[in-house]
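In what follows, a structure is listed as structure tokens, so that the remarks can point back to it.
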Amino acid sequence: MARVVVDVMPKPAILDPQGRAVAGALERLGFGGISDVRQGKRFELEVDGELTEERLAELRRAAETLLANTVIEDFTVRVEHVTTQA
């Protein structure tokens, strides 16, 4: 079994009103020195069976098709943890 993580973030050219709101709140709460905040999404996928290159490519297609809006968001797919059975 493996855990695959998909991180989705707004593209740099896209305005991020949620990130701006968080940055403003941090400043008001006294957490200065933060010039920018970008807010994204994280998906953790528990994958049964062996994680082959083909399976990982399929998960990248799933991220591109469903998890991220590729017009306004970038995404990364990475393997976080693999459990081997003895």
Task: Given Leu51, Leu67, Val6, the one that forms side-chain contact (heavy atoms from CB on, under 4.5 Å) with Leu59 - done: Leu51
Task: Heavy-atom closest pair, residues Val22 and Gln39 - done: CG2-OE1, 3.9 Å
Task: Cluster link Ile72 to Val8, ILVMFWY, side chain under 4.5 Å - done: no
Open item on the list: Would you say CD of Glu50 has more than 12 non-hydrogen atoms from neighbouring residues, nucleotides or ligands within 6.0 angstrom?
Closed with: no
Task: Taking every non-hydrogen atom, the tightest pair across Met1 and Asp48 - done: CE-OD1, 3.4 Å
Open item on the list: Quick one, Val5 and Arg42 - any side-chain contact, counting heavy atoms below 4.5 Å?
Closed with: yes
Open item on the list: With clusters defined by side-chain heavy atoms of hydrophobic residues (ILVMFWY) lying less than 4.5 Å apart, directly or transitively, does Val71 cluster with Met9?
Closed with: no
- [ ] Mind checking the CG-CZ spacing from Leu56 to Arg78? Nearest 0.5 Å is all I need.
- [x] 12.5 Å
Task: Residue among Glu58, Arg3, Arg55 satisfying side-chain contact (heavy atoms from CB on, under 4.5 Å) with Val47 - done: Arg55
Open item on the list: Is any side-chain heavy atom of Pro10 closer than 4.5 Å to one of Leu15?
Closed with: no
Open item on the list: So, taking the atom named CZ in Phe75 and the one named CZ in Arg60, what distance separates them when rounded to the nearest 0.5 Å?
Closed with: 8.5 Å
Task: Nearest-0.5 Å distance, CZ of residue Arg61 to CG of residue Leu66 - done: 14.0 Å
Task: Whether Arg20 side chain and Asp16 backbone form a donor-acceptor pair below 3.5 Å - done: no
Open item on the list: Within this structure, what is the CG-CD1 distance for the pair Leu26 and Ile34, rounded to the nearest 0.5 Å?
Closed with: 4.5 Å
Task: Sub-4.5 Å side-chain heavy-atom contact between Asp74 and Lys11 - done: yes
- [ ] Evaluate whether atom CD of Glu80 has more than 12 neighbouring non-hydrogen atoms of other residues, nucleotides or ligands under 6.0 angstrom away.
- [x] yes
